[in-house]
*Asks:* 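Please find one structure pasted underneath; my questions will follow.
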Amino acid sequence: MDNSADSCDIVDRDGDAAATSSSTTSAPAAGAGGFKLLNRHGTVHQFMGGGRTADVLLWKRRRVSFGVIVVATVAWLIFERSGLPFLSVCSDVLLLLIVLMFFRANFAAFRNKQLESLPELEVSEEMVNNAAASFRVKINYLLLMAHDITVGKDFRLFFQ
């Protein structure tokens, strides 16, 4: 940690390193990179995926980040004041969306406009086989545990 000041360089949007409080010159760990995470070669932004989500989480898009916090706070207040469980509110919202889509489709038919087609939803046989194989492995493990408990190999779990 002899180059601790180098690991705190701040990177502007252009990629140029901003001036730090110390007057150290160049170091191999400080590259053109920004905040280093656990002495790695990439920045925290790259570690988080480097896209829009990383920008929002790291407050590079301040308005969007602030909007996310405001929406989450308002949603939390609605849940607290209404006393309704999360699942009830989600089902009500989904029901409203279905009703809105129904009215939109009828309005488009009334105006003789063609709606964009929805994609065909298909489940492939390979995906079903993979899910069944995974489920089979978990059930076999559960049955093996139950067998070990009943045979008496795990006394502590048997008495629980």
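Below, all heavy atoms of this structure are taken into account, side chains as well, without hydrogens, waters or symmetry copies. Here the structure is a predicted model, which is why all the values come from computation and not from measurement.
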*Asks:* Identify the two heavy atoms, one from Ser88 and one from Ser91, that lie closest to each other, and give their separation to 0.1 Å.
*Replies:*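 Looks like O-OG, 2.8 Å.
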
*Asks:* Among all residues two or more places apart in sequence or in another chain, which pass the ring pair (Phe, Tyr, Trp, His ring centres under 6.0 Å) test with Phe86?
*Replies:*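 Applying ring pair (Phe, Tyr, Trp, His ring centres under 6.0 Å) to Phe86 gives Phe79.
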
*Asks:* With side chains defined as the heavy atoms from C-beta onward, is the minimum distance between Ile139 and Leu143 less than 4.5 Å?
*Replies:*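 Sidechains of Leu143 and Ile139: in contact.
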
*Asks:* Are Leu84 and Trp76 connected in a single hydrophobic cluster, I mean Ile/Leu/Val/Met/Phe/Trp/Tyr linked by side-chain heavy atoms less than 4.5 Å apart?
*Replies:*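 Trp76 and Leu84: separate clusters.
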
*Asks:* When rounded to the nearest 0.5 angstrom, what is the spacing between CG in Asn106 and CE in Met101?
*Replies:*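 That separation rounds to 12.0 Å.
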
*Asks:* Is the closest side-chain heavy-atom distance between Leu144 and Asp148 below 4.5 Å?
*Replies:*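 Yes - at least one pair of side-chain heavy atoms lies under 4.5 Å apart.
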
*Asks:* Quick check on the hydrophobic clustering: are Phe66 and Val74 connected, directly or via other members, by side-chain heavy-atom contacts under 4.5 Å?
*Replies:*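 Yes, it is one cluster - the side chains of Phe66 and Val74 are joined through contacts under 4.5 Å.
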
*Asks:* According to side chain to side chain contact (heavy atoms under 4.5 Å, CB included), who are the partners of Met48, at least two apart in sequence or on a separate chain?
*Replies:*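 Testing Met48 for side chain to side chain contact (heavy atoms under 4.5 Å, CB included), a comparison that skips the adjacent residues, returns Val44, Ala54, Leu57, Leu58.
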
*Asks:* Could you give the distance from OG (Ser82) to CG (Leu77), rounded to the nearest 0.5 Å?
*Replies:*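 That separation rounds to 10.5 Å.
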
*Asks:* Working to the nearest 0.5 angstrom, can you tell me the gap between Phe107 CZ and Arg111 CZ?
*Replies:*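 Going from CZ on Phe107 over to CZ on Arg111, the span is 4.5 Å.
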
*Asks:* Are Leu96 and Val93 grouped together when hydrophobic residues (ILVMFWY) are joined by side-chain heavy atoms under 4.5 angstrom apart?
*Replies:*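 No, Leu96 and Val93 fall in different hydrophobic clusters.
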
*Asks:* Supply the atom-to-atom distance Leu100 CG to Leu95 CG, rounded to the nearest 0.5 angstrom.
*Replies:*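 It is 9.5 Å, given to the nearest 0.5 Å.
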
